[in-house]
Amino acid sequence: MRIHSLCTVFLLASLGLEVESFVGGARNRVKISELRGRRTVSTTSSSSSLYESGRIEDPVGTESGVDLANAGEATQRLGAMAGPTVWTEFGRISQEQQDDLANLGQGFPDWLPPKFALESLVEAASDIAHGPHQYTRTAGHPNLVNQLANRYSIHLQREVDAMKQVAVTVGASQALYLSLQTLIQPGDEVILFEPFFDLYNNQVKLAGGKPVYVPLRFVPYSDDNAATAENGALTGGTWVLDEQELRKAISPNTKAIVLNSPHNPTGKLFSRGEMESIASALTDLANPNCVVLSDEVYKYIVHAPPKDEKERNGESALCDGHIHFASLPGMWDRTITISSAGKTFSATGWQVGWCIGPERLVAPIHQLLPYVQFCASTITQDALARSLPKADMPYEGYDSYYHYLKAKYTRKRDLLVTALKDAGFAVPDYSKSPGGGFFIFARIGNEIRKALPAECVNVANDAAPGGVARLDWALCQWMAEEKGVLCIPSSPFFSPERAQAGASDEFVRIAFCKQDETIEEAAEKLRRITASPASESDDGAAAAATVAAETAKATR
């Protein structure tokens, strides 16, 4: 018998049945005595102590094929990471449950790019005169870097040199990778605002650097104790940067600060005041070679711009609500701006990214590029160069494609927010908290916690941070396997120490870059999690009708 749910495994084991489990991606025959011995793990145990105790198998072994003792330096810098991860584990679940799963997990749109972008791709591929089927300029296809230089000259309110201050890469991930490789020496420190996109942590390590974490502080809209006393409900809130925490983290070894706004996973917009505090700390405390790496891949998806006009001072004329860090006084010379086409044009597979910055920071990236790959795809670079001016034209009844994109994501966000609130999650109030990107960092409400079987929490799982499925992980796995909704736990977006201390327990990341049908399906399944059996049948049709009506109204 093949069982994919930990909860079901424990239920069958309690009846004395031998079952097959797939815990942490590894297949094991599990008996009742073994399950009862492994069922829960101390939440204060470190991952190393769990491995030493034998309660979790070392992921670096014969199955993974990785021998750290004889591995290269890059592999050794990553450490014992050959086992399953959040992406492999929830990817496995999505494959096994795909026939009955509303997948709100990974952050990529599940629809086609806009028609003009597809037409541009066809035009580029069939252009006999220019034939972009061969190598192009290593630092970036001339047509594209000229387009990017023109746009960033407007964004940053300064002249950007297409040949010297722009580098085209294979996606934004490679842009960050090459930036770090050209900046970091062994032992240098890189500041990450926590929670953070998990790729940052390991790219810093690959460069030989040391991640230094500055926690963003979650501030609830109302006092948790008062809210609980009043109606038992937790509230959403805002993530804020504590300037003093940042200033304490900067040392003579600080070589870079990674800024991501709009932010993955929280959806936070860093305010102008927060950006100014970063600039001030950089100027006052950091060594002169310290650089800000500003990841701005979600800049065209600012669905809730700041209400305060002062906070919008200096925003780009082309990006409503977005401030480029490099546009702040004195920051051009100390910033590499990173972005890509994937999120903006719903074309993550095109893999075209770029770095923008002063020649002294971009020239070393130019130097490395031919040794990583000769060039990014010529066809997709040319297609993007053709698409950019078209995106500024009126589109689907909107002033531009970018205005259409913002409206589309705002509508999808509101559909998901309604469903999450109905299910008992606490979510951001976008009239109070500015927001961007296509993720909601939802807080696990008390009713949701009660619905989750207790035996699913704090179970040994070698894919989870620290080897333990804490509340966030347990809930996401249970919802995917038992309720048919896939979300991503928050713990992989936190440092191991903070995750094991419980900082990530309350949150899950939920994507709304999905078709309306997927969001509607998820909405209905989410509603059932906390619905009583008696009310479920009565409310089901009404809830589905409400979601459908909201969708129809929003699309008119």
N/O donor-acceptor pair under 3.5 Å between Asp198 side chain and Phe493 backbone:
no
Can you tell me if Tyr409 has over 12 outside heavy atoms packed within less than 6.0 Å of its OH?
yes
Geometric class of the Tyr401/Tyr404 ring pair [parallel <30°, tilted 30-60°, perpendicular >60°]
tilted
Roughly how far apart are Glu359 CD and Lys164 NZ, rounded to 0.5 Å?
5.0 Å
Measure from the side-chain N and O atoms of His263 to the backbone N and O of Pro195, and report whether any donor-acceptor pair falls under 3.5 Å.
yes
Measure up the Phe196 and Tyr213 rings against each other and bin them: parallel (under 30°), tilted (30 to 60°), perpendicular (over 60°).
parallel
Under 6.0 Å between the ring centres of Tyr395 and Tyr398?
no
Ala117: what forms a side-chain contact (heavy atoms from CB on, under 4.5 Å) with it, not counting sequence neighbours?
Pro113, Pro114, Trp350, Ser387
Identify which one of Phe425, Trp239, Phe494 satisfies the ring-ring contact (aromatic ring centres under 6.0 Å, His included) criterion when paired with Phe507.
Trp239
If the condition is salt bridge (charged side-chain N to carboxylate O under 4.0 Å, His left out), which residues does Lys248 pass it with, not counting sequence neighbours?
Glu245
Could you check whether any side-chain N or O of Asp505 sits under 3.5 Å from a backbone N or O of Leu471, counting only pairs where one atom can act as donor and the other as acceptor?
no
Where the side chain of Gln147 meets the backbone of Arg386, is there a donor-acceptor pair that is under 3.5 Å apart?
no
Mind telling me whether Tyr402 and Tyr300 have parallel, tilted or perpendicular rings, with 30° and 60° as the class edges?
parallel
I'd like to know if the side chain of Gln165 and the backbone of Asp161 have a donor-acceptor N/O pair within less than 3.5 Å.
yes
Treating Glu189 as the side-chain partner and Val212 as the backbone partner, does any N or O pair qualify as donor plus acceptor under 3.5 Å?
no
Phe90 and Trp473: aromatic ring centres closer than 6.0 Å?
yes
